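Numbered from 1 within each chain, the chains take letters A, B, ... in sequence-line order. Treat the numbers as computed from the prediction; the structure is a model and nothing was measured.
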There are 2 protein chains.
Amino acid sequence: MTTDERRRPDARPRAFEEVLARSEERIGADGLTVGDRLPGERQLAEQLGVGRSSVREALRVLETLGVVASQAGRGPDAGAVLTSRPGNALTDLLRLHLGLATLSMREVIDTRLMIEQWAAARAATANATANAAAPARTAAQTAAQTTEAQAAEAQAAEARTAEAETATARMAEAVAAMDAARDPAEFVKHDIAFHLALAEAAGNRLIVAVMRALRDALRRYAVDAVVRLGDTGGLQDDHRRIHRAIEDGDSVAAAAAVAEHLARAYPDSGPDS
Amino acid sequence: MTTDERRRPDARPRAFEEVLARSEERIGADGLTVGDRLPGERQLAEQLGVGRSSVREALRVLETLGVVASQAGRGPDAGAVLTSRPGNALTDLLRLHLGLATLSMREVIDTRLMIEQWAAARAATANATANAAAPARTAAQTAAQTTEAQAAEAQAAEARTAEAETATARMAEAVAAMDAARDPAEFVKHDIAFHLALAEAAGNRLIVAVMRALRDALRRYAVDAVVRLGDTGGLQDDHRRIHRAIEDGDSVAAAAAVAEHLARAYPDSGPDS
DNA sequence: AGACCAAATATGGTCAGACCATACATCCTG
DNA sequence: CAGGATGTATGGTCTGACCATATTTGGTCT
């Protein structure tokens, strides 16, 4: 019932963990953001009073988590640069734990269904409000915007709306590309693009990152499913229905279409399998 | 539109990446599972023709992803042992990327809403079918079970059902503990236990791991929310309604109760905030 | 025979130093 | 001023040494 920390319960922290903690501290305190550089490995080692190898292990952890990327050489792009790529970490995490049988395909596919239904409904709702708000946008801009925060939020909202629009456009492009696909692998490639665009249309980067990892993990599985089905016409009908429902702002129809689509693609993975 | 691999596009792999690849290969091929040990660092280095430091960096990555845990000393528990703790990796991932402002609280909270609604509906549905199946179980067991796979699946399903039952029991315990809580921090502690049990009741380990990470990231935020509300009576009413809906097998009511609960806890984070 | 203590040993943890590869910066030359 | 040669800061890698920890082994005393 407690923490279940079977290993390293109270051991003194290892040197690289200290480096990790201090680095994170520093990122938060100094307000470092994506693109900024960390000190060099040798300098960092001296500052923190540890060996360079410990610094390197800490950087390896940060790199694994998609927070830094290292580049040798000299100049503004060299060194350990802060980035923001959580996707690879999630992908690796899924792949390894699927390999260890910690996770089952059923769990991954169920999670995918959850996300896509939510994303489709969310994207449709966002589209509906955007459509309704568009005529009133000019009027809203004439009204006084009292605080900077409000202005920033309005700008962010507009950016999200624009991003959602390009996302739905990418969905349509992906459908066309699937029509033109000549083999299952190519079809799946654009299928992934379609479903990723669907997640992006919902405007949540965390969801997008998880979705990307799920699809990477399921890639082979998806190709097999396409081969098994033989005919991709039904899948494409589904894709068009999903896209149309989102454009129409019909969240219920969008969620239903996604559910039917995944039931068709993975018929043996229903809630009661 | 391509891979956007700005860094290390085609560079030859680093030594530790080779170690990583070979180790993963080995895990898959040799059928290693949780509890098995990897060779020692020195031995691994010699086998793969790299320095020990490269082996250590690879092990650090695996440890970060929750796949191995290292322990010094001698004996069966020493060395790099395969484990399966994806939770810490997810927690670290969220924390760091929230710190870098790659992710916003809104995105995390929306994701939590998605998961909890899904989990509540799923748990309720599972409970409903379990209730319906219970009287017929003896009859089913008398029927011939043709294949081993069927028997294994039936056993797994029963295990899931049992786990779901203990999960709903833990939900009730957590509600009682929250009633007895003397300060917001303690309340939130049991609140997290409640919502984690909710995720567990849905029977999906991936969802549970993500949920755990989300709640860890939101812990401080949740305490603030409780303090702001002042009265926890409304939250407890919600908790009881969620628990009852799941026990009754009413998935629609369960999802609705969760939505209302989170709207109460985070009123400023609605879909259109 | 058994209990207990000491030494050996296997394992990860850490550091220092050296060298290589890379890529920009600088300077020198024509 | 253009262009190449050199310098230099950076990560990547290996080696070897030593420390810390925990089990195994073996010896010694009762």
Does C:dT9 have its OP1 or OP2 closer than 4.0 Å to a side-chain nitrogen or oxygen of B:Arg74? no
Would you say A:Arg52 places a side-chain N or O within less than 4.0 Å of OP1 or OP2 belonging to D:dG12? no
Does a donor on one side chain sit under 3.5 Å from an acceptor on the other, for B:Ser104 and B:Glu107? yes
Residue-phosphate contact under 4.0 Å: B:Arg14 side-chain N/O, C:dA21 OP1/OP2: no
Heavy-atom side-chain contact between B:Met211 and B:Glu200 under 4.5 Å: no
Just to be sure I understand the rule, does B:Gly75 reach a base, reach only the sugar-phosphate, or reach nothing, if contact means heavy atoms closer than 4.0 Å? sugar-phosphate
Please determine whether a side-chain nitrogen or oxygen atom of B:Arg56 lies at a distance below 4.0 Å from atom OP1 or OP2 of C:dG13. yes
Nearest-nucleotide pick for A:Pro76, side chain only, options being D:dG11, D:dT13, C:dA25: C:dA25
What is the distance, to the nearest angstrom, from the CG atom on A:Asp77 to the P atom on D:dA9? 19 Å
Ignoring hydrogens and geometry, is there a side-chain-to-backbone donor-acceptor pair from B:Arg60 to A:Val61 under 3.5 Å? no
Could you state the interatomic distance from CG (A:Leu218) to CD1 (A:Ile192), rounded to the nearest 0.5 Å? 8.5 Å
Just checking A:Ala45: base, sugar-phosphate only, or nothing, at a heavy-atom cut-off of under 4.0 Å? nothing
Can you find a pair of side-chain heavy atoms, one from B:Arg122 and one from A:Asp110, that are under 4.5 Å apart? yes
Rounded off to whole Å, could you give me the CZ-to-C1' distance for the A:Arg42 and C:dC15 pair? 15 Å
Using whole Å, what does the distance between atom P of nucleotide D:dT13 and atom CG of B:Leu48 come to? 13 Å
Taking only side-chain nitrogens and oxygens of B:Ser54, does any of them come within less than 4.0 Å of OP1 or OP2 of D:dC14? yes
With heavy atoms under 4.0 Å as the rule, sort A:Ser53 into base, sugar-phosphate or nothing. base
By the 4.0 Å heavy-atom rule, please label B:Gly51 as base, sugar-phosphate, or nothing. sugar-phosphate
Of B:Pro39 and A:Gly73, whose nearest nucleotide on DNA chain C comes first from the 5' end? B:Pro39
